[in-house]
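Please read the structure below before turning to the comments.
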Amino acid sequence: IYAADAFDQSLPYGNPESLLQRGWKLLVPPRPIAAHTTLALPSPPTSYRYYLLWITALPPSASSAEIAEITLFR
């Protein structure tokens, strides 16, 4: 999970700059998750304007991923 108050939206698709170089901050490092997973954001809580859930890999038997709902609690 990444967060940002502002980020560089002008870069074209395929640009090699990392999300961190574009202005995103990593809040929760990549990890395996399952259905109905809860991920805690770091403390102390900080509010951001944008949040990004980045899927880095699918299980070996899967060819797609689906997110039915995301809820952000304060």
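All values below come from the heavy atoms of this structure, side chains included, with hydrogens, waters and symmetry mates left out. What you are looking at is a predicted structure, and each value in this text was computed from that prediction instead of being measured. Residues take their numbers from the sequence shown, with the count starting at 1.
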Same apolar cluster (I L V M F W Y, side chains within < 4.5 Å links), [X]/[Y]:
X	Y	result
Ile55	Ile1	yes
Trp54	Phe7	yes
Leu26	Val28	no
Ile67	Leu58	yes
Leu20	Tyr48	no

**Request:** Determine whether the side chains of Glu66 and Ser64 contain a donor N or O and an acceptor N or O closer than 3.5 Å.
**Result:**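 Result is no, nothing qualifies.
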**Prompt:** Which value, rounded to the nearest 0.5 Å, describes the distance between Ile33 atom CD1 and Arg31 atom CZ?
**Reply:**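 Ile33 atom CD1 to Arg31 atom CZ measures 9.5 Å (nearest 0.5 Å).
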**Separation of Leu52 CG from Leu19 CG (nearest 0.5 Å)** =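 Between Leu19 CG and Leu52 CG, I get 6.0 Å after rounding to 0.5 Å.
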Minimum heavy-atom distance [X]-[Y], with the two atoms named:
X	Y	value
Ala3	Leu27	CB-CD1, 3.4 Å
Asn15	Glu17	OD1-N, 2.8 Å
Thr56	Pro30	OG1-CB, 4.4 Å

**Prompt:** Is there a side-chain contact (heavy atoms from CB on, under 4.5 Å) between Leu11 and Gln9 once you walk through the steps?
**Reply:** CA-CA 6 Å; Leu11 297 172; Gln9 299 180 43; over 6 Å; no
**Prompt:** Using the benzene-type ring in the case of Trp, are the ring centres of Tyr2 and Tyr51 under 6.0 Å apart?
**Reply:**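 That pair fails the under 6.0 Å test.
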**Message:** Could you check whether any side-chain N or O of Arg49 sits under 3.5 Å from a backbone N or O of Ala4, counting only pairs where one atom can act as donor and the other as acceptor?
**Reply:**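 Answer holds: no.
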